[in-house]
Amino acid sequence: MILTEESIARIREKAARYPIRKSAILPAITVAYRQVGYLSEEIYGEVSQIIGVPVVEVAEAATFYTMFPKQPVGKFLIQVCHNISCSLLGAESLISYLEEKLEIKKGETTPDGLFTLVTVECLGSCATAPVMQINQDYYENLTREKVDGILEELRSKS
Amino acid sequence: MTFYSPVITNAAEVAGSEKLHLLRYVEDPDQHKVEKFEEHGGYRALKKVLGGMPPEKVIEEVRNSGLRGRGGAGFPAGVKWGFVPKDSPQPRYLCCNADESEPGTCKDRVIMERDPHAIIEGMAIAAYAIGCHLMFIYIRGEFGHCIERMEKATEEAYARGHLGRNIYDSGYDLDMIVHSGGGAYICGEETALLNSIEGERGMSRIRPPFPAIEGLYGCPTIVNNVETLSAVPHIINRGADWYKTMGTEKSTGSKIFSLSGHVNRPGNYEVELGFPLRHLIYDPAYGGGILGGRKLKGVIPGGSSTPFLTPEMIDVNLDYESLAEAGSMLGSGAVIVFNEDTCIVWAILKLIHFYRHESCGKCTPCREGTAWLEQIIRRIERGQGKPGDIEHIEEICDNILGRTVCPLGDAAVMPIQSAIKLWRDEWQYHVDNKKCLVKSEFALR
Ligand SMILES: Cc1cc2nc3c(=O)[nH]c(=O)nc-3n(C[C@H](O)[C@H](O)[C@H](O)COP(=O)(O)O)c2cc1C
Ligand code: SF4
Ligand code: FES
């Protein structure tokens, strides 16, 4: 099993609240994603067993949602919003700056496995643009200086 | 996890106002806790309703208030609730739409983060009004902090007897589920949202039947936006007539506008409907003018799906009718401001890329059309445009508009059509000269 006892318990607890089993798919894969960091065939299989829904139905729903990576990513998944409000305040330049600092292109992971850089659509944080999300956390009103500080802090945490 | 968005709000102004109410307590660091919420008069409206106000009376009050949906379409909330069949033996459901994915929009997030019980109270009143015993809030998955806040608030509400069995000894039972999404804009569209809760791919359904008749699990269902539901307790406490003293005759009440882009003070501002757009952008208490002292080029007044306004058109009031008359829409109330350094082709490319990415793929005009549009517009933007490209874009837009299962198709083309209409010479320049008339190079500060 990839999923921990704790994740399984959380999934069971959530699933029990819905009128139909299938409704538990999205909550279950969310729990799995939070634990593992990405989704895979194995995870669909485990989720299918836990909530009692055929694995094809789990996979069918899961693959629709772009928020869940479908293969391993770096320890820190940097998701930069490149939608309109952020672009007006320098999102393109933010992406280039991150590419330069991390020495990777968007879509790639640093060789040490620490950072993956991707672009995402509007994060619902448009009045504090430009914005990026790293794993669960939002970083808003970004400047070069802030980006430097954030990367340094994450490096020291790892 | 970081909890508070550093977004600017006009909470102080709201607190000093007799009428504005949605953002009143959002700068109070304890407002998210149930004790503080109660201290500020929270759950009084729910008590009033469960203390003997018949459901029809609740619906009537909300209908009379004129409250219209704040999620984008502006449909009157009380009228929608009235569509739920009275004598159906089926369960009924309420879903609060907290998907907040329309580019430019960041208002519901602030309520979830800082005043989550206001949403729960509004939801509970709506649930009671339509005879629902299980309600959902569908929150976009990226908003981890909001999900946590809403889950905690839900637990607190159960613990204090605002949710659960026999609430306030009224005999009314109500449960609540916090459901989080997976990063799909289309799941904000109400029928796709319902499919998503059912564990299906988040694709839109053909209407009719409308959700009020046949929604979640095939049962009567009401979907309302966070901000819509948050206004409900105030209407119950103070009455429909009070609510109508705000705003205009047909656009009653107040609304939060998310102001973003090239302004000095981007933020979330609650104002009465009918507030002048020019004030919102230029008044030092709100936007404080165009960033860097540049000139205004254009404004999207209601979120990325709404047509542009030029500087000559911004003497318009922010209400449903005035914006429609000006050729645009109030939408979700997301005002995006562009300065003179913005290339319109570049801006449109950002938007069409988004809509192509978010199309659920169910119907051909939207799925194929948005992909073509992105291809052609990208070509023009890169200086490889060909004669006839602009006309071709217009033709594709015409073939999408009004021919799709859900309004995402229309949402994708309306800003493009308006951008070509208003800045046609700039598009032409781009095609003829293989480059931008103005170059959008916005540096990171
Ligand atoms: C593509 C698309 C995306 C939408 N996204 C949202 C959203 O994120 N939040 C929202 O409240 N409404 C959204 N809506 C509108 C909903 O379909 C629905 O009209 C609304 O939730 C009803 O609530 P209201 O009447 O309170 O506004 C969207 C509509 C479309 C077509
Ligand atoms: S218009 Fe687009 S998003 Fe809506 S149902 Fe059709 S393909 Fe899906
Ligand atoms: S446009 Fe970047 S958060 Fe909305």
Side-chain angles (χ1 to χ4, degrees), chain A residues 14 17-27 29-30 33-34 51 53 57-58 60-68 79 81-94 96-97 120-130 133 135-145 147, chain B residues 1-2 5-8 91 100-106 108-109 134 140-145 175 177 179-185 196-203 217 258-262 266-268 300 304 334 336-339 342 346-347 350-351 354 357-358 440-445:
Chain A
K14 282 179 183 280
R17 312 197 56 203
Y18 289 88
I20 66 162
R21 280 194 200 149
K22 238 186 131 166
S23 279
I25 294 178
L26 194 47
I29 59 176
T30 305
Y33 157 69
R34 296 253 188 267
I51 62 175
V53 169
E57 292 183 5
V58 175
E60 195 188 336
T63 49
F64 181 81
Y65 298 100
T66 53
M67 194 184 90
F68 311 111
Q79 303 156 89
C81 169
H82 69 169
N83 212 303
I84 190 69
S85 302
C86 288
S87 292
L88 292 172
L89 293 175
E92 287 181 354
S93 138
L94 167 61
S96 319
Y97 189 60
V120 290
E121 297 306 330
C122 178
L123 285 167
S125 203
C126 323
T128 46
Q133 184 172 20
N135 298 348
Q136 285 262 71
D137 293 329
Y138 273 59
Y139 296 89
E140 305 170 48
N141 291 324
L142 289 172
T143 60
R144 279 163 189 268
E145 208 180 310
V147 170
Chain B
M1 203 185 294
T2 36
S5 165
V7 71
I8 297 171
E100 183 137 277
S101 308
E102 169 91 354
T105 319
C106 52
D108 298 339
R109 172 181 176 197
L134 174 60
R140 62 176 299 170
E142 293 90 338
F143 279 172
H145 57 300
D175 283 306
I177 293 180
H179 191 92
S180 66
Y185 166 64
S196 182
I197 296 182
E198 289 184 8
E200 307 288 339
R201 294 168 80 85
M203 293 164 106
Y217 309 126
S258 299
L259 181 61
S260 71
H262 293 142
N268 280 314
I300 288 184
S304 65
I336 310 172
V337 177
F338 303 79
N339 75 13
T342 316
W346 173 90
K350 301 276 164 200
L351 296 184
F354 168 73
H357 186 264
E358 302 300 329
S440 314
E441 276 173 342
F442 302 116
L444 184 64
R445 279 161 294 163

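In what follows, every chain begins at residue 1, and chains take the letters A, B, ... in the order their sequences are listed.
Residue contact with chain B, scored on non-hydrogen atoms closer than 4.5 Å, involves the side chain of Leu26(A) exclusively. Contacts of Ser125(A) with chain B are made by both backbone and side-chain atoms, with heavy-atom separations under 4.5 Å. Contacts between Glu60(A) and chain B at a heavy-atom distance below 4.5 Å involve backbone atoms as well as side-chain atoms. For a residue to count as touching a neighbouring chain, one of its non-hydrogen atoms must lie under 4.5 Å from one of that chain's; by this rule Ile25(A) touches chain B with the side chain only. Proximity to chain A (any heavy atom under 4.5 Å) is restricted, for Thr105(B), to the backbone atoms N, CA, C and O. Residue contact with chain A, scored on non-hydrogen atoms closer than 4.5 Å, is absent for Ile8(B). Heavy atoms closer than 4.5 Å to chain A are found in the side chain of Glu358(B), but not in its backbone. When heavy atoms are compared at a cutoff of 4.5 Å, Tyr217(B) approaches chain A solely by way of its side chain, counted from C-beta outward. With a 4.5 angstrom heavy-atom cutoff, Arg34(A) touches chain B only via side-chain atoms.
Looking only at side-chain heavy atoms (C-beta outward), Ile51(A) and Arg21(A) stay at 4.5 Å or farther from each other. Looking at Ile300(B) and Ile84(A), their side chains never come closer than 4.5 Å, going by heavy atoms from C-beta outward. The closest side-chain heavy-atom distance from Tyr65(A) to Arg201(B) is not below 4.5 Å. Here the side chains of Arg109(B) and Tyr138(A) are in contact, with some heavy-atom distance below 4.5 Å. The closest side-chain heavy-atom distance from Met67(A) to Val120(A) is not below 4.5 Å. Within the 4.5 Å cutoff, the side chain of Pro91(B) has no heavy atoms near those of the Leu134(B) side chain. In this structure the side chain of Arg144(A) reaches within 4.5 angstrom of the side chain of Ser93(A), judged on heavy atoms.
Between Phe338(B) and Trp346(B), a ring centre-to-centre spacing not shorter than 6.0 Å is recorded.
Partners of Lys22(A) according to the salt bridge (Lys or Arg N to Asp or Glu O under 4.0 Å) rule, which considers only residues two or more places apart in sequence or in another chain, are Glu57(A), Glu200(B).
Taking the six-membered ring where the residue is Trp, Tyr18(A) and His179(B) present perpendicular rings, their angle passing 60° and hence far from 30°.
Contact count against chain B (heavy-atom pairs under 4.5 Å) is highest for Ser87(A) among Cys81(A), Ala61(A), Pro130(A), Ser87(A). In terms of heavy-atom pairs under 4.5 angstrom with chain A, the leader among Asp108(B), Ile197(B), Asn268(B), Val337(B) is Ile197(B). The choice from Gly202(B), Gly181(B), Ser258(B) that makes the most heavy-atom pairs within less than 4.5 Å of chain A is Gly202(B). Note on Glu100(B), Lys350(B), Glu142(B): by heavy-atom pairs under 4.5 Å with chain A, the leading option is Glu142(B). Of the listed residues (Ala184(B), Gly261(B), Pro103(B)), the greatest number of heavy-atom pairs within a distance under 4.5 Å of chain A belongs to Pro103(B). Put simply, of Pro19(A), Cys126(A), Cys86(A), the one with the most heavy-atom pairs under 4.5 Å next to chain B is Cys126(A). The most heavy-atom pairs under 4.5 Å with chain B, out of Glu145(A), Lys14(A), Gln133(A), Gln79(A), come from Gln133(A). In terms of heavy-atom pairs under 4.5 Å with chain B, the best-connected choice from Leu89(A), Leu142(A), Leu123(A), Thr30(A) is Leu123(A). Ranked by heavy-atom pairs shorter than 4.5 Å toward chain A, the options Cys106(B), Gly141(B), Gly182(B), Pro266(B) are led by Gly182(B). The choice from Ser180(B), Ser304(B), Ser101(B) that makes the most heavy-atom pairs within less than 4.5 Å of chain A is Ser180(B).
Under the 3.5 Å distance criterion, the side-chain polar atoms of Ser440(B) are left unmatched by any main-chain donor or acceptor of Thr342(B).
For the pair Arg140(B) and Tyr185(B), the cation does not sit on the ring face, since its NZ or CZ is not both under 6.0 Å from the ring centre and inside 45° of the axis.
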